[in-house]
Structure formats: C-alpha cells, structure tokens
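Worksheet: the structure to be examined is printed underneath.
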Amino acid sequence: MTATTTQNLVTERITGFLRDYGALLGMLIVLLIVGALKPSFLSTSNLTNVLRQSTILIMLSLGLTIVMSMRGVDLSIAQIADAAGLMAAMLILHGQPAWMALIVPVVFGLGVGAINGALMAYLGVPAIIGTLGMMFVIRSGELLATNGAEPQMLFTLPRAITKSFLFLGQGYIGPVSALVVLAAVVVMLAAVLMHLTPFARRAHAVGANVRAAFLAGIDIRGVFGLGYVVAGVFAAIAGVALVSRTGIAVPRGAEPYLLDAFAAAYLGTLASRHGDMNVGGTLIGALFIAFLGNGLTILGLGAPYRYTLNGAFILLAMAVGALKRKS
Amino acid sequence: MTDDPAAPPTPEPILECRSIQKRFPGVVALADVSLVIGRGRIHALLGQNGAGKSTLVKILTGVYQHDGGEILVAGQPVRMASPRDAEAAGIAIVHQDQQLVEQLDVTSNVFLGYEETTRGGLLDVAAMRAKTRVALDRVGASFTPDTLVRDLSVAERALVSIAAAVMRDPRILVLDEPTASLSEKEAELLFHVVRSLRDAGTTIIYISHYLDEVLDLVDDITELRDGRLIATLPAAGISRADVVGMMIGREISQFFPKETIEIGEPLLEIRGLSQGTMVRGVDLTIRRGEIFGLAGLIGAGRSELAMTLIGALPRSSGTVTVAGRPSSPSDPRAAKRQGFALIPEDRRNEGLITAMTMRDNLTLPEIARWSRFGVLNLGQEREDANDLVRRLAIQPPNIRQLARNLSGGNQQKVVIGRWLAGDAEVFLFDEPTTGVDVGSKVEIYRQMTELARRGAAVILISSDFQEIAGMCDRAAVMHKGRINVVLERDRLDPETLLYWASGSDVATAAPTAAGKPNQPPEALERQTARSHAQTWMRWGTIGGMVLVLAIIAMLAPQFLAPGNIFDILKQGSVLAFIAIGLTVVLIAGGFDMSAGAISQLTTNLAAGALIAGQGSVVAIAAGVATGAGLGVVNALLVLVFGMPAFVATLGTMFVVMGATLFYNGGQALTLANQPDFFFIGQGYVGPIPFVFLLLVALTFVLHIVLRKTRLGLRMYAVGQNTIAAELRGIARGRYALASFVVGGVVLGFAGVVLASYSYGASALATGIDFLISALAAAFLGSTLSRAGELSVIGTAFTALFLASLSNGLILIGISNQALPGIQGIVLILSIVLGVIRRRDIGQVLIF
C-alpha cells in the first residue's frame with residue numbers, strides 16, 4: 001500500500017517535473033546532441049560568439065512577447081529593426097555623430113510603435129492586418145531610401161569615424177561584450193516592466209479578459225497601444241545593434257528574424273505553468289533558437305531545416321500548451 | 001402536488017407529460033411534473049427564475065433527456081434524443097433573442113439547415129422565396145424575403161425566427177420570452193400573430209415573465225415552482241395577483257442581517273436617463289447610507305442602467321450627479337474616478353480575471369497606489385491584500401490562489417474587495433448573491449451594510465425579491481426599461497415586488513404610451529443609418545477605384561491602350577487566383593497565413609515536374625493535390641487540435657517555406673520550351689489572355705458554389721455566426737474543412753498558373769509577400785458586396801484593380817519600390833473602413 005503510494009508520488013513528481021521543465025530539458029538535449037556530433041559547437045569561442053549573435057533575437061522577441069501577452073501580434077518588428085539599422089548606417093555614412101545614429105532610429109521605432117498602437121488599440125484594426133500593412137509600408141520606405149536595396153557599408157569607412165558607433169556591437173566592457181551588456185539591460189527592463197509595474201498587471205488583465213479589465217476601470221486602449229510602442233523601441237534597438245555588430249546594413253536583412261522571434265515566443269510559453277507568454281521563457285526560447293541555428297549551420301544544414309524546424313516548434317508549443325490547459 | 005391538477009382543460013390533448021423528472025448533479029430540476037396541453041390552445045408556462053420552465057422546454061425540444069416519466073405527442077409516446085427528433089415529432093421552438101446570420105437575407109435565414117435544391121443541386125431560390133413570402137404573410141411581416149437580416153429591427157427579426165418555425169408546420173410551437181426586447185406596440189402585433197397561428201390549428205407553448213401580457217393572450221396556464229408543478233388552470237378569470245401568489249409560495253424565510261443606518265443627504269441623482277431602448281427615462285435619487293434595491297425581471301434594463309451609469313454603455317440622454325457634481329463618464333475608468341464601483345452580474349466573465357491570482361484581482365483597479373517611481377511595492381501590496389482578505393473573511397486566506405479556483409462566494413468577495421481600496425462612493429451590486437453559498441451571502445450583505453455605514457450609496461440589483469425585501473431601505477421596480485414604482489421599506493415584500501415587476505398598471509401605462517412613438521423611429525433611424533453607411537462604403541469604394549484609375553489614365557494616356565489593358569488582365573489574374581483561394585478560406589475557416597507559401601510551394605512543384613519531363617497534366621495535378629492536402633493539414637490543426645487559425649497557419653507557413661527550400665535547394669527552377677504549359681499563363685485567345693478567361697471561369701464556378709449551393713450557404717453561415725448555424729444543426733467542422741480544402745485547391749492551382757506565367761519558380765521563399773496583396777484584395781473586395789461580406793467576385797475585381805494600380809503607378813513614373821507600401825496602406829484602409837464604428841481593440845486569438 002505505502003509502496004504504491006510512494007511509487008505514485010514519485011511518478012507524480014516526475015510528471016510534474018517534466019511538465020514544468022520538460023521543454024527546457026528537451027532543448028538542452030537537442031543542443032547536446034548537436035555538440036556530440038560536432039564538438040566545435042560546444043567550444044568556448046563558438047558559444048560566446050553565438051551568445052553575442054543571439055542578443056539581436058532576444059531583444060526583438062521580447063517586444064513581440066509583450067505584445068502577444070496581450071493577445072496582440074506585431075508582424076512589423078523585423079522590418080522596424082531593419083529600417084532602424086539602415087537609418088543608423090546612413091546617418092553615419094552622412095557624417096552624423098554616433099549619438100545621432102543611436103538616438104534617431106530608436107525615436108523612429110517609438111514613432112512606428114505609436115502608429116501601430118493607434119491603429120490597433122484606438123481604431124480597432126485587427127493586429128495581423130494592421131502590422132502586416134505597416135511591415136510593407138516600412139519595406140517600401142527602405143527600398144526607396146536605398147535606391148532598391150543597396151547595402152550600406154560601414155566597414156569601408158575609416159575606423160576613426162565608425163569606431164564609437166561600432167563599439168556597441170563589437171566592443172567589450174571589461175571582459176564582457178557590450179552587446180551582451182545591452183541585451184542584459186533590455187532583458188532587465190522587460191522583466192521589470194512585465195513583473196514589477198502597474199503596467200504589468202494591467203497588461204496581464206487585458207490579455208486574460210479584456211472585458212473584465214475594461215469594467216475594472218483599466219485604460220485598455222492605452223495599455224494595449226503601449227505594448228506596440230515598447231515592441232517598436234525594442235525592435236529599433238535590436239536593429240541598431242545588428243548593424244553595429246556586422247558593420248553593414250542590408251535592406252531586408254533583418255526580415256528572417258521575424259520567424260525566429262515567433263518561434264522563440266511560442267517556445268517560451270512552454271516554460272510557463274499555464275502556457276502564457278512570458279519574458280523568462282522567451283529569453284530561453286530565443287537562446288535556444290539562436291544556438292540551434294548555429295548548430296544547424298555547423299552541421300551543414302541550411303535554411304530549409306531552419307524554417308521547417310521553427311514551424312514545427314510553433315505547432316509543438318501550441319499542442320503542448322493545449323494539453324497543459326486541459327489538465 | 002400532482003394529485004391536484006385541474007381537470008384537463010380541453011378534451012383533446014396534443015402533448016402530455018407524465019411524471020417528468022430531471023436531476024442535475026446536486027439539484028433536482030424537475031420533480032414529477034405532469035401536465036396536459038390541449039390542441040389548438042395557447043398554453044403559458046409560468047414560474048420564477050429556477051422554477052424549471054427552461055429545463056422542461058429543453059426536454060420537450062430534445063436538448064436534454066429526462067431521467068424519468070414519459071412524453072406523449074398526440075397520444076403516442078415519443079423519445080427525443082436530439083432537437084431533430086423533437087422536430088420530427090412536430091415541436092418547434094423560437095428561442096429568446098434567437099440568433100440569425102445578419103449578412104444573409106431573410107430567405108436564407110428561414111431555410112438555413114433545411115435548404116431546398118433543384119435537381120441540379122443548386123439552391124431553389126425562387127421556390128424558397130415564394131414559401132418565405134407565404135410564411136412572412138402568415139406572421140404579418142411587411143418586409144420582403146430578400147431583405148438582409150442586418151437591416152431589420154429586433155421585432156422584425158423575431159418575426160423571421162417565428163416564420164422559420166412556422167415554415168416547418170409544427171404541431172406545437174414553443175415561444176420563449178418572445179416579447180423581451182419588443183416595444184409594447186410591437187408586442188401587440190406579435191400577439192395578433194400568435195392568435196392567428198392558434199386559430200389556424202397550431203398549439204402554442206408560451207413562456208413569459210410579463211404576466212399582464214400572458215393573461216390577456218393565453219388560454220391555459222401552468223405554474224411551476226422549484227421544479228414542481230403547482231397547477232394547470234384555464235386563464236379565464238385569473239388575476240395577476242393570484243398568479244403572483246402561486247409563483248411566490250411560502251418559502252422558509254432566510255436570515256438577512258439588516259441594520260438600521262441613518263440616511264444622509266442625496267448622493268446620486270439620476271434624471272431622465274436613457275440608453276437606447278433598454279433604459280427609458282429613469283429618474284432616481286439615492287442617498288448616503290441607503291441600500292437601494294433595483295428589482296425587476298431579466299431583461300428589464302437594470303444591468304443596462306448600471307452599465308450606463310459607469311459609462312460602459314453610451315448614454316442616449318439624461319443627466320446624473322454624484323454629490324452635486326455632474327457625472328458623465330466616457331468609460332469605466334472615468335466612472336471609477338468619479339466614485340462609481342460596479343460588481344458585475346457575470347462575475348466569472350466580467351468581474352474577475354480568473355487567470356490572475358486573488359491578490360492581483362484585489363489590487364487591479366487601484367494598482368497605481370502601490371507603485372513608487374513606477375515600480376510596485378510588492379510587500380506593501382501583499383500586506384494590504386491580506387488586510388482585505390481578513391476584512392472580507394475569505395477562507396482560506398491564500399492571496400496567491402488563482403481566482404479561477406476560488407468558490408463562488410469567495411470570487412464575489414474578491415470582486416467587492418477590489419473596490420474597497422479606492423474612494424468609491426456609489427456601489428452597484430448586480431445580482432451579487434447568485435450561485436453563492438449561504439455563509440458568503442451573509443458576508444456580502446454585511447459588506448453592503450458596512451459600506452452604507454461609511455456613507456456610501458449602495459444599489460442592489462436583484463431578481464431575488466426576498467433579498468430586496470430583506471436588505472433594502474427602498475426599492476424601485478423596473479419593467480421594460482422604465483421605473484414602474486418606488487416602494488418604501490414598509491411596502492417591500494416579495495409579492496408586491498413581483499406584482500410590479502411582471503407588468504405595469506393602468507396608471508403607468510399612460511406615460512408609457514406617450515413615450516412609445518419615439519422608440520420605433522429611433523430604432524429605424526439607426527438601421528437606416530447603418531444601411532446607408534454600407535451603401536456609402538460600397539459606392540464610395542467603387543467611386544474611389546474609378547477615380548484613381550481615371551487620374552492615372554489622365555496622367556499616362558498609354559494606360560488605356562488595349563495592349564496595356566490586356567497586360568494588366570494577365571498580371572492581375574495571377575494575383576487574383578491566390579486572393580480567391582485566400583478568400584474561400586476566410587469565408588468559413590478563419591485565417592490563413594500560409595496562403596502565399598502554399599502557392600509558392602506548388603509553383604516549385606509544377607516547375608519541378610515539368611523539368612523532370614512529366615508534362616503539364618502532372619504539374620497541374622501535383623499542384624492541386626498538394627494545395628488540397630495542405631488545406632486538410634490546416635483544417636486538422638484548427639479543428640482537431642483546437643489551435644487558433646492564425647497560429648496553426650503560421651506554423652504551416654514556415655513548414656511549407658522550409659519544404660519549398662528543400663525541394664528547390666535554394667535554386668530557381670527555370671522553365672524553357674514548354675509551349676503547352678506556358679499557354680496557361682501567357683497564351684492568348686484572340687486578343688484576350690487565356691489566364692484571364694481561366695480566372696473568369698473559376699470565379700464563376702466558385703460564385704455558383706458559394707452563393708447557389710447548400711455547401712456555400714452553410715460555409716458563409718458558419719463563418720459569420722457559428723451559434724446561429726449550430727442552432728440549425730449545421731456543424732462548424734465540416735464546413736470549415738470544406739473551406740480550407742477548396743481554398744487549398746485554388747491556392748495550389750494558383751501556384752501552377754504562377755509557374756507558367758513566370759517561366760518557372762524563383763529561388764526565394766517569400767510566402768508572406770503574396771499574402772499582403774491577397775489580403776488587400778479580399779478585404780477591399782468585401783466592401784463591394786451588398787452586405788459587406790467576402791465574395792470571390794469582389795476579390796477578383798479588386799485584385800485586377802490592384803494590378804491596374806501597380807501598372808499605372810509605374811507608368812506615371814512612381815518607383816515600383818513604393819508598391820508594397822501602397823498595398824499596405826490600401827490593406828489598412830480597407831480594414832479601417834469596416835471596423836471604425838466597432839468599439840473593440842485589435843486583439844487576435846493567438847493561443
């Protein structure tokens with residue numbers, strides 16, 4: 001009798017553990033398998049390199065997470081990042097100081113986010129449609145500005161001009177990459193915003209039950225709209241960081257990040273007990289996607305695998321989430 | 001009880017219930033109910049909420065199965081396992097506020113689920129219209145069968161529902177609260193219809209709370225109370241007071257902790273407040289320290305009055321002051337600042353955020369109080385939340401518990417508690433004690449008393465008249481949006497309250513009659529405005545399109561050259577194929593992010609098949625089959641796994657894009673020397689591009705399928721109002737699947753056309769690029785149809801317009817790099833046109 005109850009208890013604890021941490025475990029195992037196949041994947045230099053690369057995706061997907069936690073969607077974030085990076089590069093190429101190249105694109109992201117917020121929260125345009133439209137409007141702007149997608153190359157300029165701008169993406173603060181420091185700051189900001197502020201509670205309420213939130217006297221439009229502003233700002237920061245890291249701004253170069261950001265956000269729901277969008281989960285999801293992408297490249301598996309796997313991850317996360325909510 | 005039914009009122013029973021029993025877990029809903037309903041009579045079922053009327057009706061219409069007893073129709077025992085069985089037995093029901101598909105016309109709504117077809121399988125519209133006209137005549141309707149339901153008033157919609165029921169020639173027609181949302185004049189017309197149906201031989205079972213109407217109309221009445229039969233009697237000679245006496249009975253009196261509190265000066269003054277047709281000219285003055293009851297039956301307008309006070313419903317007219325200051329809140333947030341607090345009726349859906357913890361719910365409205373420099377002081381918040389929990393005696397006092405898992409009583413206490421932290425002075429309790437255990441009830445009454453003691457005004461909305469009589473200092477009784485009477489404490493007893501709630505007196509009928517003429521014109525005005533807006537939008541869009549093309553033609557005369565026009569038709573047709581495929585999915589399946597990616601994959605498959613030398617037929621078959629298969633996959637994800645269409649198709653989109661890259665290895669698949677195949681996308685018949693003829697043919701076929709067949713009608717019905725469709729026995733799954741598969745076939749074929757048009761497939765996997773043009777075509781196209789719904793013809797036209805626009809803009813020297821942006825703006829504008837008057841925010845289902 002006691003033996004069976006202990007056994008039941010053990011099974012229960014194991015299933016409980018798997019439910020809470022199974023996804024995390026699965027991700028770790030996948031990465032370890034890649035490491036076993038190609039030991040160079042787990043080398044310190046590769047790991048630190050991928051960590052630096054992953055920062056862009058982390059910042060981008062956190063903005064998406066905030067919007068999606070309120071049942072919104074932002075298909076324009078990758079394009080905002082793209083345009084912001086392009087803007088930064090063009091400002092430097094036109095001889096503007098580095099601080100301009102950092103501030104102006106972020107203001108641009110804020111502005112686009114505000115327009116998105118007005119469309120979705122105040123006019124009531126469904127988020128898929130509104131942000132898809134915005135994505136194409138920005139894309140046109142980029143193409144027109146660059147005369148049909150001419151890359152804006154910073155690495156051809158004298159080092160003296162670009163040095164301070166490129167520090168963000170390539171420099172080190174002590175032993176730590178400036179990019180990693182930036183991403184850590186953004187993650188902290190997102191975590192505080194989504195856990196420790198009045199906005200966090202209101203956003204949670206809007207996402208869970210917008211009618212009840214409205215009747216409780218919450219400014220649902222303001223809260224919903226603010227999510228887009230935050231997503232726009234985060235996307236712009238990510239775009240600037242990307243150009244600063246690579247030294248080149250290719251129009252439409254950041255577009256593939258949209259897919260990765262969706263996969264990261266949906267994978268992140270696996271780390272939550274109730275299958276919600278959350279900052280910590282997205283951080284883990286984004287790291288996993290970035291490392292997996294690198295692993296696939298090392299294994300010689302290209303874009304087709306990446307697309308297919310990302311799509312499969314989204315569907316998998318949804319299916320697991322449905323099961324969680326049922327139990 | 002059953003040994004005392006009056007002698008059967010008529011010699012010939014049409015329906016007999018013998019000892020019907022129905023139990024739900026923990027509740028006996030019907031205990032041994034026996035009654036006889038005479039043929040050709042109007043028979044009322046009466047009783048308070050929870051008396052068992054609706055359970056009995058659900059058993060009679062096959063929604064529930066009884067646990068004991070038997071039912072006889074015309075002397076024959078019947079077993080009703082589903083609504084279809086009830087219909088076969090000749091029993092039809094018109095539900096309260098019956099759902100209709102607004103964008104369809106009256107005929108389609110009347111016949112939905114029972115469509116008649118010609119031998120060729122097409123809808124027999126002429127025959128159905130003729131029959132609908134006859135049915136409408138029978139119910140005395142003055143509108144025509146081809147009117148859109150959207151353009152009808154509430155009363156006219158009720159007639160449509162009755163006509164639909166009458167159409168099937170039922171032996172027994174059940175009318176559930178048919179007058180709840182009608183004005184008195186409209187109700188009078190309805191009674192005329194009901195009487196003439198009875199005179200034509202139909203037996204009517206009539207359920208209503210409005211006793212004065214009932215007693216005028218019906219022949220017999222059956223009273224139910226607490227799941228038991230009280231009596232069945234002829235209506236002649238019975239007074240409203242008699243009926244009220246039977247309905248109330250002698251219940252064991254409950255404990256009400258009423259305390260006497262000194263009443264202060266007036267706090268809330270309401271003058272002439274109206275909200276559409278639900279609240280009409282309400283005047284009330286409520287004082288500090290007072291618990292003021294708002295009694296009435298469901299639908300009397302009490303909740304609407306509360307919602308209007310806090311700005312959740314727009315006010316039509318009237319003024320409100322709180323402590324002398326005028327109050328006209330634009331939303332509940334403004335009302336909160338002016339001192340209003342609402343405890344909503346539906347606490348699980350409107351009161352609580354069930355996915356949040358008790359603490360989060362308690363502090364939600366005033367959360368900013370616990371923040372310093374924008375960051376929450378969680379320790380202080382926890383302390384204050386625990387204080388509230390102690391004050392409200394919530395057991396167990398675990399503030400980290402999810403609100404979803406709390407008992408009904410605790411949930412209600414949380415909703416009350418969240419307003420205690422603020423400065424609210426006017427508390428609106430809407431049915432606070434339904435589904436709450438006795439102990440919590442007393443606690444809720446104590447809280448109300450406590451608030452009154454602090455000088456607040458407490459308004460208690462309740463259908464439990466004992467509760468109103470037990471707790472209130474004064475009470476108003478509402479009936480059809482008006483205050484019937486205001487009763488002082490010494491006159492508060494359940495009988496008097498129910499008497500006033502169930503009908504108005506002659507004395508109050510006079511102002512009612514005077515106020516009435518205002519109502520129908522007002523409603524009519526609203527509909528005409530709406531109808532006008534639609535017409536304006538339709539012709540405005542068409543006018544705008546023509547204007548744009550005219551300007552282009554003026555700036556670039558070569559735009560109208562025949563050669564250029566045929567070029568546009570060719571370009572536009574390719575886009576139109578994809579847009580039409582997407583439209584078909586949107587009609588019943590929800591959303592499809594994968595539309596463009598599917599077409600892209602089949603472009604590659606078709607090109608690959610030709611390169612492998614397999615010929616055009618294989619290429620087409622491969623494309624179409626793949627499209628259909630992916631449609632099935634999408635449908636399975638949505639219907640079997642219950643994923644929202646957006647996410648399911650987003651996942652599919654990525655997988656399909658990956659598959660495309662696997663297939664083409666990142667290389668363009670270029671075709672050459674395939675004259676047969678190239679003819680599809682590039683050939684001409686005379687001067688006309690073949691692909692355009694193909695588009696016309698496909699649009700025509702799909703138009704017939706969607707508009708003239710049972711399948712199409714039901715796809716629209718499922719997409720526009722799933723509940724209405726399911727009431728007519730139309731399951732969503734089958735039609736959503738059809739929508740995904742047909743859409744997939746078209747998308748697959750579109751890919752093949754694209755391969756022919758562009759000499760193969762490009763290397764990129766840019767599935768999302770086609771999506772925007774296709775969405776723009778579908779949504780802008782929807783504004784071209786009469787009811788503003790998606791249609792393949794509208795989509796095809798708009799796709800051709802978008803192609804002309806791109807072509808024209810390039811001709812007048814605008815860079816083709818601007819085209820995506822212009823399409824994005826067109827897409828947003830076409831949506832804004834449709835949503836601008838709705839007050840929602842743009843949330844989507846993403847989980």
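A, B, ... follow the sequence lines: proteins, then strands. Residue 1 opens every chain.
- Your options are A:L258, A:L259, A:L193, and the one with the most heavy-atom pairs under 4.5 Å with chain B is A:L259.
- In this structure, A:L144 and B:S815 have side chains that are in contact, with non-hydrogen atoms separated by less than 4.5 Å.
- One finds the CE atom of B:M657 at 10.0 Å from the OG1 atom of A:T308 (value rounded to the nearest 0.5 Å).
- Only the side chain of B:R418 comes within contact range of chain A, with heavy atoms under 4.5 Å apart.
- Put simply, the side chain of B:I828 does not reach to within 4.5 Å of the side chain of A:I129, judged on heavy atoms.
- At a threshold of 4.5 Å between non-hydrogen side-chain atoms, the residues B:I367 and A:R202 count as touching.
- If you look at A:Y305 and B:F662, their ring centroids are closer than 6.0 Å.
- Contact of B:R372 with chain A is not made at all, since no heavy-atom distance falls under 4.5 Å.
- When the shell of 6.0 Å around CZ of B:R369 is examined, it contains more than 12 heavy atoms from other residues, nucleotides or ligands.
- Environment of OH in A:Y122: crowded, with over 12 heavy atoms of neighbouring residues, nucleotides or ligands closer than 6.0 Å.
- Contacts between B:Y663 and chain A at a heavy-atom distance below 4.5 Å are absent for every atom of the residue.
- Once rounded to the nearest 0.5 Å, the distance linking CE of B:M356 with CG of A:N209 reads 9.5 Å.
- The CG atom of B:N349 sits 11.0 Å away from the CG atom of A:L215 when rounded to the nearest 0.5 Å.
- Within the 4.5 angstrom heavy-atom criterion, only side-chain atoms of B:W419, from C-beta onward, approach chain A.
- Residues A:Y307 and B:V655 have side chains not in contact (no heavy-atom distance under 4.5 Å, counting atoms from C-beta outward).
- Around atom CZ of B:R347, more than 12 heavy atoms belonging to other residues, nucleotides or ligands sit under 6.0 Å away.
- Using a 4.5 Å cut-off between heavy atoms, B:F340 does not touch chain A at all.
- Separation of atoms CG (B:L775) and CZ (A:F136) is listed at 9.5 Å; rounding is to 0.5 Å.
- Residues B:I353 and A:H204 fail the side-chain proximity criterion, which asks for heavy atoms closer than 4.5 Å.
- Using a 4.5 Å cut-off between heavy atoms, B:L342 contacts chain A through its side chain alone, with no backbone atom that close.
- Taking each heavy atom of B:P820 and A:S140 in turn, the nearest pair found is CD-OG, 3.3 Å.
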After noting the C-alpha distance and the side-chain angles of A:I314 and B:M653, does the key distance pass the side chain to side chain contact (heavy atoms under 4.5 Å, CB included) rule?
CA-CA 11 Å; A:I314 291 174; B:M653 174 176 111; over 6 Å; no
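- In this structure, the portion of B:L378 lying under 4.5 Å from any heavy atom of chain A is its side chain and not its backbone.
- Interface remark: A:I138 contributes no atoms to any contact with chain B (heavy atom separation under 4.5 Å).
- The candidate with the highest count of non-hydrogen atom pairs below 4.5 Å against chain B, out of A:A205, A:A127, A:A208, is A:A205.
- Interface residue B:A368: backbone and side-chain heavy atoms are both found under 4.5 Å from chain A.
- For the side chain to side chain contact (heavy atoms under 4.5 Å, CB included) with A:V125, the qualifying choice from B:L829, B:L827, B:V832 is B:V832, the only one to do so.
- Options A:V192, A:V210, A:I220 differ in how many heavy-atom pairs under 4.5 Å they form with chain B, and the most are formed by A:V210.
- Highest contact tally toward chain A, considering only B:I310, B:V826, B:L650, B:T363, is held by B:L650 [criterion: heavy-atom pairs under 4.5 Å].
- Closest approach of A:T197 and B:G374 over heavy atoms only: CG2-O, 3.2 Å.
- Within the 4.5 Å cutoff, side-chain heavy atoms of B:L376 are placed close to those of A:P198.
- B:K336 and A:G217 get closest at one heavy-atom pair: NZ-O, 3.0 Å.
- Note: B:P332 leads B:P332, B:G821, B:P344 in heavy-atom pairs under 4.5 Å with chain A.
- B:P365 and A:A216 get closest at one heavy-atom pair: CB-O, 3.5 Å.
- The choice from B:D360, B:V375, B:N377, B:T652 that makes the most heavy-atom pairs within less than 4.5 Å of chain A is B:D360.
- Between chain B and the residues A:D219, A:L316, A:I218, A:L132, the most heavy-atom pairs under 4.5 angstrom are made by A:D219.
- The closest side-chain heavy-atom distance from B:L637 to A:M318 is not below 4.5 Å.
- Counting heavy atoms from C-beta outward, B:L364 and A:R201 have side chains that approach closer than 4.5 Å.
- Between chain B and the residues A:E255, A:R211, A:E142, A:M135, the most heavy-atom pairs under 4.5 angstrom are made by A:R211.
- Both the backbone and the side chain of B:E350 have a heavy atom closer than 4.5 Å to some heavy atom of chain A.
- Here the shortest heavy-atom pairing between A:L315 and B:A648 reads CD2-O, 3.7 Å.
- For a residue to count as touching a neighbouring chain, one of its non-hydrogen atoms must lie under 4.5 Å from one of that chain's; by this rule A:L119 touches chain B with the side chain only.
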